[in-house]
K.L.:
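Okay, handing you the structure first.
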Amino acid sequence: MRNRRLSDFEYSFEIKNQELKEIYDRICQVNGNGLEILTGHRYEVAIDVDYPMMRRQEFPILSNDEENHIKYEIGFCSIEYCIYLLCMIIEKSHQENKRRVVLPMKLRRVIDSRFIMEENEELDWKKVLTQGLRELSIKIYDENANNIEKFRIKK
């Protein structure tokens with residue numbers, strides 16, 4: 001991968017099979033409904049925000065409802081959610097009998113200027129994927145909720 005601004009630098013990263021398998025195994029255990037996923041007591045769904053206004057925000061944005069023991073987080077999608085979305089794209093492509101899976105344009109672009117790397121910093125593929133997708137999600141953690149409907153109310 002190359003950074004447009006720092007064309008002198010070329011980045012590479014290694015994806016370990018075991019690490020990818022562990023993430024994939026977690027994804028196989030999620031309760032998914034469209035763009036919503038539920039893993040245990042954690043809910044995550046992509047959100048549509050006024051993105052130009054949100055660019056000035058520092059992520060993640062955290063909020064704790066201590067009275068109800070609920071934690072909220074708005075930020076880049078989790079790695080599990082990103083891979084869940086990629087699996088949905090691949091599945092949809094197979095259902096349409098396409099031979100080739102076409103990834104969204106934003107995933108095929110070079111790292112944009114917001115992805116800042118130091119010259120000697122080790123590149124983390126999870127960071128590249130979550131920030132490269134450039135989608136925001138809300139994550140809700142609630143030990144008392146156990147189904148998507150309860151989380152939808154809290155969202």
Side-chain angles (χ1 to χ4, degrees), residues 1 3 11-95 101 103-118 120-155:
M1 305 183 90
N3 186 310
Y11 303 110
S12 63
F13 54 88
E14 182 178 305
I15 301 175
K16 296 180 178 154
N17 284 339
Q18 185 59 33
E19 182 180 24
L20 188 59
K21 182 182 179 324
E22 288 170 6
I23 293 169
Y24 183 77
D25 288 344
R26 286 195 303 266
I27 293 166
C28 289
Q29 296 175 10
V30 303
N31 179 2
N33 184 2
L35 293 178
E36 301 171 298
I37 64 170
L38 177 64
T39 52
H41 297 284
R42 188 185 102 196
Y43 170 86
E44 185 171 2
V45 65
I47 57 173
D48 187 22
V49 295
D50 182 4
Y51 202 73
M53 294 298 291
M54 294 300 286
R55 272 187 216 164
R56 291 176 258 183
Q57 289 286 335
E58 289 290 324
F59 293 109
I61 300 169
L62 304 170
S63 178
N64 288 324
D65 178 351
E66 293 182 17
E67 184 176 321
N68 296 306
H69 308 289
I70 302 170
K71 295 179 183 178
Y72 297 90
E73 177 183 332
I74 294 177
F76 291 113
C77 299
S78 68
I79 188 63
E80 292 85 3
Y81 192 76
C82 288
I83 294 176
Y84 172 80
L85 292 178
L86 288 173
C87 289
M88 285 180 59
I89 291 168
I90 292 168
E91 184 179 315
K92 182 178 180 194
S93 181
H94 285 303
Q95 288 173 352
V101 175
L103 293 177
M105 201 54 192
K106 32 173 111 166
L107 286 177
R108 293 185 275 150
R109 293 184 188 144
V110 295
I111 298 173
D112 75 4
S113 59
R114 289 174 288 140
F115 192 88
I116 305 299
M117 290 277 310
E118 297 298 324
N120 295 325
E121 184 179 352
E122 186 175 324
L123 185 63
D124 180 7
W125 68 273
K126 296 180 292 295
K127 183 177 180 181
V128 170
L129 183 58
T130 57
Q131 290 186 13
L133 189 59
R134 292 186 302 250
E135 292 297 332
L136 299 175
S137 70
I138 184 167
K139 299 165 202 69
I140 304 172
Y141 307 87
D142 183 356
E143 292 297 321
N144 298 318
N146 55 9
N147 66 50
I148 286 180
E149 287 302 321
K150 289 182 181 179
F151 279 103
R152 283 181 184 154
I153 294 168
K154 292 168 182 13
K155 180 182 77 169

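If you read the sequence from its start, that first residue is 1, and numbering goes on from there. These values consider heavy atoms only, across backbone and side chains, with no hydrogens, waters or symmetry-generated copies.
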K.L.:
For Met88 and Gly34, work out which heavy atoms get closest and say how close.
P.N.:
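Result for this residue pair: SD-O, 3.4 Å.
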
K.L.:
Please report the closest heavy-atom contact between Tyr43 and Lys155, naming both atoms and the distance.
P.N.:
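Result for this residue pair: OH-CD, 3.9 Å.
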
K.L.:
Out of curiosity, Glu135 CD to Asp48 CG, how far, rounded to the nearest 0.5 Å?
P.N.:
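So the CD of Glu135 and the CG of Asp48 are separated by 8.5 Å.
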
K.L.:
For the residue pair Asn31 and Asn147, establish whether any side-chain heavy-atom pair is separated by less than 4.5 Å.
P.N.:
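No, every pair of side-chain atoms sits at 4.5 Å or beyond.
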
K.L.:
Heavy atoms only: give me the nearest Phe151-His41 pair and the separation to one decimal.
P.N.:
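Between these two residues, the closest heavy atoms are CZ-O, 3.5 Å.
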
K.L.:
Nearest 0.5 Å, please: how far is CG in Asp25 from CD in Glu22?
P.N.:
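With rounding to 0.5 Å, CD (Glu22) is 8.0 Å from CG (Asp25).
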
K.L.:
For Thr39 and Glu80, does a side-chain donor sit closer than 3.5 Å to a side-chain acceptor?
P.N.:
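Per modelled atom types, Thr39 and Glu80 side chains form no pair under 3.5 Å.
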
K.L.:
Hey, mind stepping through Glu19 and Trp125 against side-chain contact (heavy atoms from CB on, under 4.5 Å) and telling me if it holds?
P.N.:
CA-CA 11 Å; Glu19 182 180 24; Trp125 68 273; 3.3 Å; yes

K.L.:
For the residue pair Ser78 and Lys139, what are the closest heavy atoms and their distance?
P.N.:
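Scanning both residues completely, I find the closest heavy atoms to be N-CE, 3.9 Å.
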
K.L.:
At what distance, to the nearest 0.5 angstrom, does NZ of Lys150 lie from CG of Asp142?
P.N.:
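Spacing of NZ (Lys150) from CG (Asp142) equals 9.0 Å.
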
K.L.:
Has Tyr81 got a side-chain atom pairing as donor or acceptor with Leu35's backbone, closer than 3.5 angstrom?
P.N.:
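Indeed, once roles are kept as given, a pair shorter than 3.5 Å links the two residues.
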
K.L.:
Using only atom types and a distance under 3.5 Å, with no angle test, would you say the side chain of Asn33 pairs donor to acceptor with the backbone of Glu36?
P.N.:
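Not a single qualifying donor-acceptor pair exists.
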
K.L.:
Could you tell me whether the side chain of Lys71 reaches within less than 4.5 Å of the side chain of Asn64, counting heavy atoms only?
P.N.:
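Yes, side chains in contact.
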
K.L.:
What's the separation between atom CG in Asn68 and atom CG in Asn144, rounded to the nearest 0.5 Å?
P.N.:
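Asn68 atom CG to Asn144 atom CG measures 8.5 Å (nearest 0.5 Å).
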
K.L.:
Which pair of non-hydrogen atoms, one from Phe76 and one from Ser137, has the smallest distance, and what is that distance?
P.N.:
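Residues Phe76 and Ser137, closest heavy atoms: O-OG, 4.1 Å.
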
K.L.:
How long is the span from the CD1 atom in Ile70 to the CG atom in Asp65, to the nearest 0.5 Å?
P.N.:
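Here the rounded value is 5.0 Å.
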
K.L.:
Kindly give the heavy-atom pair with the smallest separation between Ile148 and Leu38, and that separation in Å.
P.N.:
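Looking at all heavy atoms of both residues, the shortest contact is N-CD2, 3.8 Å.
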
K.L.:
State the CG-CD1 distance between Leu85 and Ile27, to the nearest 0.5 angstrom.
P.N.:
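Rounded to the nearest 0.5 Å, the CG-CD1 separation comes out at 9.5 Å.
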
